[in-house]
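The next block holds one structure in the form of structure tokens; read it before the comments.
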Amino acid sequence: MPTKPTSVPTDWNYAPSPEGTSHIQLKKKYSLFINNEWVEPLSNTYYPTVNPATEEVLAEIAWANEADVDAAVRAARNAYENTWSQMPAHERGKYLYRIARMMQERAREFAVIETLDGGKTIRESRDVDVPLACNYFFYYAGWADKLEYAFPNQKIEPLGVAGQIIPWNFPLLMAAWKIAPALATGNTVVLKPSETTPLTALKLAEIIKDCGLPPGVVNIITGHGDTGAALVKHPDVNKIAFTGSTQVGKIIQRAVTGTNKKTTLELGGKSANIVFDDAPIDQAVEGIVNGIFFNQGHVCCAGSRLFVQENIAPVVIQKLKARMESLYVGDPLDKNTDIGAINSKEQLETIQKYIQIGINEGAEIFQTECALPTKGYFCKPTLFLNVAQSNVISQEEIFGPVLTIQTFRSIDEVIQKANNSPYGLAAGVWTDKGSRIFNLSTKLRAGVVWANTYNKFDPTSPFGGFKESGFGREGGLHGLSAYVKSE
Amino acid sequence: MEILKTYKIYIGGAFPRTESGRYYALLDSNGNTQANVCLCSKKDIRNAVVAARKAFGGWGERSAFNRSQILYRIAEMLNGRKAQFIEELTLQGSTQAQAEAEVSMAIDRIVYYAGWADKFVQVASSVNPVNSSHFNFSTLEPMGVVGVVAPANSSLIGLVSMVMPVLCGGNTVVGIASEKLPLCAVTFAEVLHTSDLPGGTVNILTGKTEEMLPTLAAHMDVNALVSEDLGPLNIPTALACVDNLKRKFQCDQDWMSRDAQNLQLITHFQEVKTTWHPIENIGGSSSSY
């Protein structure tokens, strides 16, 4: 008779189950997408985009300079004045519906490219990023001819040309978050994807062209930080929408000071995930894992500060460690992989720097025993125990698979600890008691509160932060106001 | 022999003089001293922020109905001191007719926002039909401590019009009165003080805007700042606000206009909070109960 294992075995392995890459089409070289045409950058400069799981170059990408940015803004301005703002609203909506449908048709290709370029697991790009991105276009498509219901008693107008700068953690999804509401409200767009993950935005450009969107309504320019800075500074841009770090968000906000540019900033976080002693512990452990290890922890709202009620801390920590041991770290294209590659070498170094800081601060480290691939950028799922509120690792955003654990006794204590952060993006609460959920969800100073769940996103659900996590909301009814002005 | 009023400042529900001990004299058109007004310091600003932060928990969590009642009480108290405000306004250069119009507009404005206190959340919130088995709703919450720089050319209606929507939404206030027309601001603080408004919810300081504003704009525990066009102070103020991503709003309105009031002036100082909770799926959709 076989003996029952006393702990979770760590030597089980699934047979490899890699997603095929043969059906995707990638060009060797991508120029800039301006006026529905692929144009060579005036800078004459290209840089490589790399698969972070293999360190292989996927394609050469144009690096736009100020003159390229100017060409894109001029295209967007021309399209705004002459085409897009003249078009009946229901027609605008139909273009957005068409984009959504074409994305659905090519969903598999997008998912594979997202995984190749960014390192996230195919399971996440296939089941989360790509379908959600389509859904944002569907959702905002329907708003285009109903805006008077969103802004009763107000006369609203589009802003004009929106400059949109997006990060590398959800490349296609962030493009959808930005483009869909901007177009639905009648603006035109210059989008700048992150330098490390430009490919799905450039594939989206193919769809934009295929679906016959008038030239110049969406322009996509690639490059590094200087390209984004040129877009922020361009005098003919009316709106800057940025998702990224708080540090860069502040630079942008300073740069637009004294201009009439509107901004929305979706910035960093150090979100608290709070587990009470009456919570269903196994579900909470799944929520903790999803909160911090989803997308390798490259999530602005990651539940990176875990607070566990003291009397259940030993059992939660023990179950959490066991669950972490069962996480597969490795080939992002493999459908069994739980944790893929860290997005870039630079980010891996940042995470490793913080892990070292945590060790130096005297926190107790736990990492799983999984073997990491020899090539590519990978990081073991990491916990820090015995963490103090004053530790750097519990204050600064690490943006990787690194969780800090603190304990608490009373509700007042945990509210105070959770709110004691310059950030205020998200929070999680795990308890079986409804009245406690409403108490916590009211007192936690964060833009999104997940009660008995974590890291859920939806086009109808406004997302955005309090305090230094930025301002403005994306998604839902409230996300429309980021792209209109009220007379 | 008339008894003259000492104009003091309002911090944490008390009427101290400025900690700096400084004053400035307010002169009438003949050059006679009308009043010695407190010339507040950076330290007064910091004290006021501490008081406002302390008051925030209590005020923000009051029931909307109760906030509405207190706002209406402010209107009642102001109404009872009409004559005093009219006298102060004429002393500061208004005609009798202008003064009367300004005071009655101020009363109406307070009544307007008193009515909004238990309605704006309903109007601006949403239940979001997410594509998964979750109950999801977005509601509004006050931003926290809001700095209010009262319009320079208005003694009463400008301050009232800016403070009321902020207060209505559950925020607490650190207000800087008009430097050249400060008298009504201090008397308005006395109205607030007798209206069941908890101490520290609104704090009002007098003095030089250019002295106090940099401290208020850069203060890391202030969540938002509202002012009219500040001219040369616009850019330095906006830059200081970036340090903690303070929400900054500029509103330039003719506050004596009946239309210079709306829902957006309340929601500017609100954060949208979205809450998710799973919905248990027991019982099939076919059960028709």
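First the proteins, then the strands, lettered A, B, ... as listed; each starts at 1. Quick note: numbers below take in every heavy atom, side chains included, and nothing from hydrogens, waters or symmetry partners. Quick caveat: nothing in here was measured; it's all calculated off a predicted structure.
With 3.5 Å as the limit, one finds no donor-acceptor pair spanning the side chains of B:S132 and A:D458. Counting only N and O atoms by type, the side chains of A:Q253 and A:T263 include a donor and acceptor under 3.5 Å apart. Between the side chains of A:S410 and A:D412, no donor-acceptor pair of N or O atoms lies under 3.5 Å.
When heavy atoms are compared at a cutoff of 4.5 Å, A:P462 approaches chain B by way of both its backbone and its side chain. With a threshold of 4.5 angstrom between heavy atoms, A:R254 approaches chain B through its backbone and through its side chain. Interface remark: A:F457 contributes backbone atoms only to the contact with chain B (heavy atom separation under 4.5 Å). For a residue to count as touching a neighbouring chain, one of its non-hydrogen atoms must lie under 4.5 Å from one of that chain's; by this rule A:F438 touches chain B with the side chain only. Neither the backbone nor the side chain of B:P236 has a heavy atom closer than 4.5 Å to any heavy atom of chain A. Looking at B:M220, only its side chain comes within 4.5 Å of chain A, counting heavy atoms on both sides. Using a 4.5 Å cut-off between heavy atoms, A:A446 contacts chain B through its backbone alone, with no side-chain atom that close. Of the atoms belonging to B:N234, not a single heavy atom falls under 4.5 Å from chain A. Only the backbone of B:A124 comes within contact range of chain A, with at least one heavy atom under 4.5 Å from a heavy atom of that chain. With a threshold of 4.5 angstrom between heavy atoms, A:N153 does not approach chain B through any atom at all. For chain A, the nearby parts of B:E271 are the backbone and the side chain; heavy atoms of each come within less than 4.5 Å. In this structure, the portion of A:L267 lying under 4.5 Å from any heavy atom of chain B is its side chain and not its backbone. For a residue to count as touching a neighbouring chain, one of its non-hydrogen atoms must lie under 4.5 Å from one of that chain's; by this rule A:S486 does not touch chain B.
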Might you work through the side-chain hydrogen bond (donor to acceptor under 3.5 Å, both in side chains) test for A:K239 and A:T264, ending with a clear yes or no? CA-CA 8 Å; A:K239 157 92 190 181; A:T264 41; 3.2 Å; yes
Going through the checks in order, is the side-chain contact (heavy atoms from CB on, under 4.5 Å) test met by B:I266 and B:M164? CA-CA 9 Å; B:I266 303 172; B:M164 279 303 138; over 6 Å; no
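In terms of modelled atom types and a separation under 3.5 Å, the side chain of A:R445 and the main chain of B:M143 share a donor-acceptor contact. Judged purely by atom type and a 3.5 angstrom limit, B:R67 uses its side chain to pair as donor or acceptor with the backbone of B:C168. One N or O on the side chain of B:W59 and one on the backbone of B:L167 form a donor-acceptor pair closer than 3.5 Å. Proximity of a side-chain donor or acceptor of B:R109 to a complementary backbone N or O of B:W255 within less than 3.5 Å is detected.
Taking chain A as the reference chain and counting heavy-atom pairs below 4.5 Å, the highest number among B:K248, B:K246, B:R247 is found for B:R247. No other option in A:T246, A:L444, A:N135 has as many heavy-atom pairs under 4.5 Å with chain B as A:L444. Of the listed residues (A:G258, A:S461, A:S441), the one with the most heavy-atom contacts under 4.5 Å to chain B is A:S461. Most heavy-atom pairs under 4.5 Å with chain B: of the set A:G465, A:G424, A:A426, this distinction falls to A:G465. Per-residue counts of heavy-atom pairs under 4.5 Å with chain B were compared for A:G476, A:P422, A:P152, A:G470; the largest is that of A:G470. Of all the listed residues (B:I235, B:D243, B:T274), the one sharing the greatest number of non-hydrogen pairs under 4.5 Å with chain A is B:T274. Most heavy-atom pairs under 4.5 Å with chain B: of the set A:L132, A:L477, A:T257, this distinction falls to A:T257. Of the listed residues (A:F471, A:W450, A:Y454, A:F466), the greatest number of heavy-atom pairs within a distance under 4.5 Å of chain B belongs to A:F466.
Ring centers of A:W177 and A:F463: under 6.0 Å apart, within the cut-off.
Under 4.0 Å is where a charged nitrogen must lie from a carboxylate oxygen, and between A:K433 and A:D278 no such pair does. Here A:E468 pairs with A:K250 in a salt bridge; the nearest charged N to carboxylate O distance falls below 4.0 Å.
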Would you be so kind as to tabulate the donor-acceptor pairs closer than 3.5 Å made by side chains of residues 208-215 of chain B, with sequence neighbours excluded?
unit_1: B:K208; atom_1: NZ; unit_2: B:E179; atom_2: OE2; d: 3.3
unit_1: B:E211; atom_1: OE1; unit_2: B:R22; atom_2: NH2; d: 2.8
unit_1: B:E211; atom_1: OE2; unit_2: B:R22; atom_2: NH1; d: 3.4

